[in-house]
Number of protein chains: 2
Amino acid sequence: MAPKVSEEHKEQRRLSILTAAKEIFTEKGYEAFVMQDVIEATGMSRGGVYSYFANKEDLFISLLEHKQQQSSNELDTLISQNKIWDTIKMIVLDFKNAEHSDNQFAAAQVEFNILSRNSSNAKEFLQRRYQWASDFLCSLINEGIKRGEFSPNAPVHHIARYYITFFDGLSIESIFLKSQELNSDEQIDLFLGHLGSMLGVK
Amino acid sequence: MAPKVSEEHKEQRRLSILTAAKEIFTEKGYEAFVMQDVIEATGMSRGGVYSYFANKEDLFISLLEHKQQQSSNELDTLISQNKIWDTIKMIVLDFKNAEHSDNQFAAAQVEFNILSRNSSNAKEFLQRRYQWASDFLCSLINEGIKRGEFSPNAPVHHIARYYITFFDGLSIESIFLKSQELNSDEQIDLFLGHLGSMLGVK
DNA sequence: TATAATAATGACATTGATGTCGTTTTAATT
DNA sequence: AATTAAAACGACATCAATGTCATTATTATA
């Protein structure tokens, strides 16, 4: 006559699956991840997990959406309190100091991008996500222009995409190279120089 | 008392497997490729194919080695007949005009890079290969310096790696985006500008 | 033409992951 | 305490791919 548990409880469950999944995706990457892992990690049953997420793809997309929501909020406050160029530098340099696990998860994401190219669901999601990232960067740059910090010498959306490309490239390579073989720090410095000159930072 | 067939014949067979495999890797990507595909495409038997290549990984690595040998020769003549900067521009701009299938194969390569991060065999191969590419670019730049074409404002090997990173990034993105969504042409132009300025082209 | 070495075949055992579904358990309501 | 809606369980059928190996076919030599 009544639902067995509260919405809250279900949300809790969902979250605990997502949390466990994130850890496993980070550790093993996307392809190697199997549902069994999440079943063991949460202690739930096969059917239980499947009642929350239809499959691995659904699980991963939900995870990305969840993360996106979080970081979106954080960024808003960051921007309101700092110069745009300082914010950008902060984000970029964060990549240098990122936890190993952050890089590992970024790798899993790249892997997902690639492996999902034949899934129309995932592809649509990825295109939206790319668009979102690109738009976000554009709006960041435009805000900088409005505030008089930048006068770019290339179309804003090209700069934004160049930015994304560079970090996608770095993400892949960090998968199979140690950061000193890759010279990622130095590459990031070079990139930051180019970014500054494209934006015409004053 | 005699081997059944000539070395030539075996080499021929090997080559025909590689050729078929390349086409399939291009079409389907690395992960989706299964040995059955190559068996059907060549008309050989399962055991036959396996007697030439131990598994998918072995097949793909052999394919890359074969390709590398080919392009290495082509490049040598290119360099001897042109200015280094013109050669570099040619290579970069080739990316713009590349056949769709070339991009597709590049995507399969990126996929291989990522999926093979837990295979020590493949990882070692990839590290060697990255080193080779990086060294090749370095020697290209150094030749340019010797000829008085360049005076770079950053360490040569950082420039080389930056180059590789950019194209790796572009390869990934071209997997799930059309080139006009990606603005790959414009990104390449931006990149070429940065490359020119890093190299101090005269 | 016989034979010996080996290339080529394809059926098969094995593995591992997936998603489903009939059953059992649980807890909110009466 | 009894009822009942639905949450959770886990055994299972299914599928797809892998690599092996006993058998068969082939061809260069004797």
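What's counted below: heavy atoms across the whole structure, side chains too, no hydrogens, waters or symmetry copies. Residue numbering restarts at 1 for every chain, and letters A, B, ... go by the order of the sequence lines.
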| For the pair made of CD in B:Glu8 and C1' in D:dT27, what is the distance, rounded to whole Å? | 16 Å
| note | Atom CZ of A:Phe53 and atom P of D:dA8 are separated, to the nearest Å, by 13 Å
| Heavy-atom side-chain proximity of A:Ile88 to A:Phe150 below 4.5 angstrom | yes
| task | For A:His9 and D:dA8, give me the distance from atom NE2 to atom C1', rounded to whole Å. | result | 10 Å
| task | In whole angstrom, give the distance that lies between atom CZ of A:Arg14 and atom P of D:dA7. | result | 14 Å
| task | Indicate whether OP1 or OP2 belonging to C:dT9 is found under 4.0 Å from a side-chain N or O atom of B:Ser45. | result | yes
| query | Can you tell me how far C1' of D:dA7 sits from CD1 of A:Ile39, to the nearest Å? | reply | 16 Å
| message | Is there a side-chain contact between A:Tyr30 and A:Lys28 in this structure, where contact means two heavy atoms from C-beta onward sitting under 4.5 Å apart? | response | no
| task | Please check if the side chain of B:Glu149 supplies one atom and the backbone of B:Trp85 the other of a donor-acceptor pair under 3.5 Å. | result | yes
| task | Would you kindly say whether A:Gln69 and A:Glu65 are connected by a side-chain donor-acceptor distance under 3.5 Å? | result | no
| field | Protein-nucleotide distance (B:Met44, atom CE; D:dA25, atom P), rounded to Å | value | 17 Å
| When you check the gap from the basic side-chain N to the acidic O, do A:Glu173 and B:Arg161 get nearer than 4.0 Å? | no
| field | Close side-chain approach of B:Phe136 to B:Leu75, heavy-atom, < 4.5 Å | value | yes
| said: My understanding is that only one of B:Ile114, B:Asp168, B:Leu64, B:Leu126 makes a side chain to side chain contact (heavy atoms under 4.5 Å, CB included) with B:Gln109; could you say which? | reply: B:Leu64
| Reckon B:Tyr52 touches a base, only the sugar-phosphate, or nothing at all at heavy-atom distances under 4.0 Å? | sugar-phosphate
| task | May I ask you to check whether over 12 heavy atoms, not counting those of A:Lys83, lie within 6.0 Å of atom NZ? | result | no
| query | Using a heavy-atom distance cut-off of less than 4.0 Å, which residues of residues 16-32 of chain A contact DNA chain C? | reply | none
| Whole angstrom value for the distance that separates P of D:dA7 from CD of A:Glu7 | 8 Å
Filtered N/O pairs between nucleotides 18-23 of chain D and protein, under 3.5 Å:
residue	atom	partner	partner atom	Å
D:dT18	OP2	B:Met35	N	3.4
D:dG19	OP2	B:Tyr50	OH	2.7
D:dG19	N7	B:Arg46	NE	3.0
D:dG19	N7	B:Arg46	NH2	3.4
D:dG19	O6	B:Arg46	NE	2.9

| Protein-nucleotide distance (A:Lys10, atom NZ; C:dA27, atom C1'), rounded to Å | 14 Å
| In terms of side-chain heavy atoms, does B:Ser116 have a donor or acceptor partner in B:Glu57 at a distance below 3.5 Å? | no
